[in-house]
*Asks:* 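Questions regarding the structure given below will be posed in turn.
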Protein chains: 2
Amino acid sequence: MSGTHSDVPSVLAHELPRPVPLDELAACPVGEVFRRVGDKWSMLLMILLGHRPYRFNELHRAVEGISQRMLTRTLRGLENDGLVRREVFPTVPPGVEYSLTPLGRSLLEPLSALADWAVRHGSALGRAPEPR
Amino acid sequence: MSGTHSDVPSVLAHELPRPVPLDELAACPVGEVFRRVGDKWSMLLMILLGHRPYRFNELHRAVEGISQRMLTRTLRGLENDGLVRREVFPTVPPGVEYSLTPLGRSLLEPLSALADWAVRHGSALGRAPEPR
DNA sequence: CTGAATCCTCTAAGATACTG
DNA sequence: CAGTATCTTAGAGGATTCAG
């Protein structure tokens, strides 16, 4: 990474005058983020957890539509990414509380910019892509 | 950014105190945007097209790793979403030029916020999720 | 209550090969 | 050059069942 810090924000401002050897683009950090939280449920859970900590079944009921399997897998993924923290309370019955890490909370901010855009221009995206 | 302090700005700041009937969450605009451009190639192409118009094979070479099929499908999707414009020049041989619509360009901005975050905190996401 | 383990389905995506 | 048409595979995601 060359430290060419133009005042225009971030990677998108780089000049890409020629065919890019993928070294630049595949390493595109936006892509990485999308790969992590771009799945069906991740950011949904993150938005929920952005408000307050939730317990497992609490999340299960809140999202209602997610399977237990995917809830577990998604939470594990977010935990491995350092976005979500998992805290176990050895009570009876056992309780597990999920919350956002500072990193996760920080991700919520740029995500809100995206949400903001979606609210304003989202209607233009309304039509689904034609099947087949 | 209407960044007040402890609260998350914009849409994400909605109160979600109770089990959400999915009417709220499924309609989550962030989710919709992710569904559209959250796939493997969309934002990659959008970033490229953010710099200049490209022709089909030009894109094919630039991304190098994408199949013709996916390039076509992704471009069609972006076109249907109103993010990319397709212009045909009836020359010999035929030339087709792809470029970003104003809507597409506007999406690039919040995307840059995300890229910005990724550049700063992306390293924390470095470790891949465990392979099963 | 919080998961893990199985099984199954459906779609995204790659590889070719063929056309206007 | 700019696609379309098939075929095939890998993985995401759901339903269900079992366990600590």
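These figures come from a predicted structure and were not determined experimentally. Lettering follows sequence order; numbering is per chain, from 1.
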*Asks:* So, using side-chain hydrogen bond (donor to acceptor under 3.5 Å, both in side chains) as the criterion, who are the partners of B:Ser67 when residues are at least two apart?
*Replies:* none
*Asks:* So which protein N/O to nucleotides 12-14 of chain C N/O distances come out below 3.5 Å?
*Replies:*
residue	atom	partner	partner atom	Å
C:dA13	OP1	B:Lys40	N	3.3
C:dA13	N7	B:Arg69	NH2	3.0
C:dG14	OP1	B:Lys40	NZ	2.9
C:dG14	OP2	B:Trp41	NE1	3.3
C:dG14	O6	B:Arg69	NE	3.3

*Asks:* Who passes side-chain hydrogen bond (donor to acceptor under 3.5 Å, both in side chains) against A:Arg86, sequence neighbours left out?
*Replies:* A:Tyr98
*Asks:* Just jot down the side-chain hydrogen bond (donor to acceptor under 3.5 Å, both in side chains) partners of B:Arg105, sequence neighbours excluded, or say none.
*Replies:* none
*Asks:* Keeping to residues at least two apart or across chains, list the ring pair (Phe, Tyr, Trp, His ring centres under 6.0 Å) pairs with something in residues 65-94 of chain B.
*Replies:* none
*Asks:* What residues from residues 91-100 of chain A pass a heavy-atom cutoff of under 4.0 Å to DNA chain C?
*Replies:* A:Pro93, A:Pro94, A:Val96, A:Tyr98
*Asks:* To the nearest angstrom, how far is B:Gln68 atom CD from D:dT4 atom P?
*Replies:* 11 Å
*Asks:* Ignoring the backbone of B:Arg86, work out which of D:dG3, C:dC1, C:dA4 is nearest its side chain.
*Replies:* D:dG3
*Asks:* Look at the side chain of A:His60 and the backbone N and O of A:Ile66, then say whether any donor-acceptor pair between them is shorter than 3.5 Å.
*Replies:* yes
*Asks:* With respect to the side chain of A:Arg55, which nucleotide from C:dA4, C:dC1, D:dA2 is positioned closest?
*Replies:* C:dC1
*Asks:* Looking at C:dC1, D:dC1, C:dA4, which one has an atom nearest to any side-chain atom of A:Arg76?
*Replies:* C:dA4
*Asks:* With clusters defined by side-chain heavy atoms of hydrophobic residues (ILVMFWY) lying less than 4.5 Å apart, directly or transitively, does A:Val92 cluster with A:Val96?
*Replies:* no
